[in-house]
Amino acid sequence: MKKKLRIGFLHSLIRKEEKLLLQEFRSRSNVEIELIDDRSLTFTIGEPAFEVDAVVERSINHSRALHALKLFESSGISCINTYRVASICGDKLLTSDALAAFSIPQPEVRVAFTEESALQAIEEMGYPVILKPAVGSWGRLLSKINDRDSAESVLEHKSILGSYHHSIFYIQKYIEKHGKDIRSFVVGDKCIAAIYRKSDHWITNTARGAVTSNCPVTDELSDISVRAAKAAGGGILAVDLFETDGGYLVNEVNYTMEFKNSISVTGVNIPEHIVNYVLDTAYKAKHEKN
Amino acid sequence: MEQVICPVCDADIGLQNDTEKGELLDCDDCGSELEITGVNPYALAEAPQTEEDWGE
Ligand SMILES: Nc1ncnc2c1ncn2[C@@H]1O[C@H](COP(=O)(O)OP(=O)(O)OP(=O)(O)O)[C@@H](O)[C@H]1O
């Protein structure tokens, strides 16, 4: 009898996405799932962690995901996504750097380390700009800066009230996106689906109440999405883009993507694609070891 | 279906048989976000608050 593939499922809270993935994994006859809750997980450095063929990462905490992936990989376990991908995607500065290395169009970004140099960079870029924490998600603590007065006050607040990583100033040019952005889903080397996220507010995260609709995956959209995913290290990734008169710009790449609002609008069974990719990766890893 | 009680407002909540430990749900009565902290027997608690590094 063929031995089952053992998949470690790294998680904390089980949201709709994790539930859908678990249901998909459990519908496969050749798979055994080991649930790994990051809240009860401990590692002994230098010792093997788990007897699994691969780990799929679905933690809600970036810092736990990042460190756990590193330790799983160090003990020889294939992870989806990889530690490298989590480190690039979890930090907007590293993402922008990786996109630039692959010549992928993105909004102008400047980085500064002090209030004074950040203000100078903003003045040179021209208003409006967006200040973003390099590590953060769901549109939290993003500031749209429309003039010098607000630049000065937000920079001062960040320096005085923010934790140390808020004084790495990540400054991005504001892009006029006509009320919507695009989120495309890349699994391996395929762009499997995309949605528009529309909102009256300039922040169009679904976590902030944006309305989603299907976005046809054109060759151009597919091409830039797959290239952006590759720049971030590849795997299972959600790419956020702006559509401008000059073409697409990649805003960021997400490595623990949320997709519950995108299945019915696109008609694409996203969990099925994810599980197929994870099982392929696990299968290859298992056979390389043996 | 198994009945449990909302730890915030005491309302009855029905759980499906495939409910997982760690699963999130909303109480229909008070709207609180809850987490399944145990199965067999089922236990419920208020879900943790969003932390700075939560997200995608
Ligand atoms: N430079 C920009 N110009 C215009 N709109 C922007 C810009 N940057 C971000 N936004 C808007 O704000 C939203 C959140 O931005 P971004 O995705 O960078 O933040 P996040 O907190 O990492 O969110 P996510 O949950 O997608 O990881 C985007 O969906 C977009 O609509």
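Predicted, not measured: the structure shown is a model, and the values here were computed from it. Letters A, B, ... are given to chains in the order of the sequence lines, protein chains preceding strands, and every chain is numbered from 1.
- The contact list for residues 23-45 of chain B toward chain A, using heavy atoms and a distance under 4.5 Å, reads B/Glu23, B/Leu24, B/Glu35 by residue number.
- Comparing A/Asn205, A/Asn61, A/Asp37 by how many heavy-atom pairs each has under 4.5 Å with chain B, the most go to A/Asn61.
- With a threshold of 4.5 angstrom between heavy atoms, A/Gln23 approaches chain B through side-chain atoms but not through N, CA, C or O.
- No donor-acceptor distance shorter than 3.5 angstrom exists from the side chain of B/Thr19 to the backbone of B/Leu15, with no hydrogens or angles considered.
- Below 30°, between 30° and 60°, or above 60°: for A/Phe50 and A/Phe72 the angle between ring planes is between 30° and 60°, a tilted geometry.
- Using modelled atom types and a 3.5 Å distance limit, the side chains of A/Tyr83 and A/His67 yield no donor-acceptor pair.
- A donor-acceptor distance shorter than 3.5 angstrom exists from the side chain of A/Arg140 to the backbone of B/Trp54, with no hydrogens or angles considered.
- Side-chain atoms of A/His273 and A/Glu24 include no donor-acceptor pair closer than 3.5 Å.
- At a threshold of 4.0 Å, the pair A/Lys260-A/Glu18 does not count as salt-bridged, since none of the basic side-chain nitrogens sits closer than that to a carboxylate oxygen.
- The closest donor-acceptor contact from the side chain of A/Lys198 to the backbone of A/Ser213 lies at 3.5 Å or more, if one exists at all.
- Of the listed residues A/Ile14, A/Leu35, A/Asn254, the one with more heavy-atom pairs under 4.5 angstrom with chain B than any other is A/Ile14.
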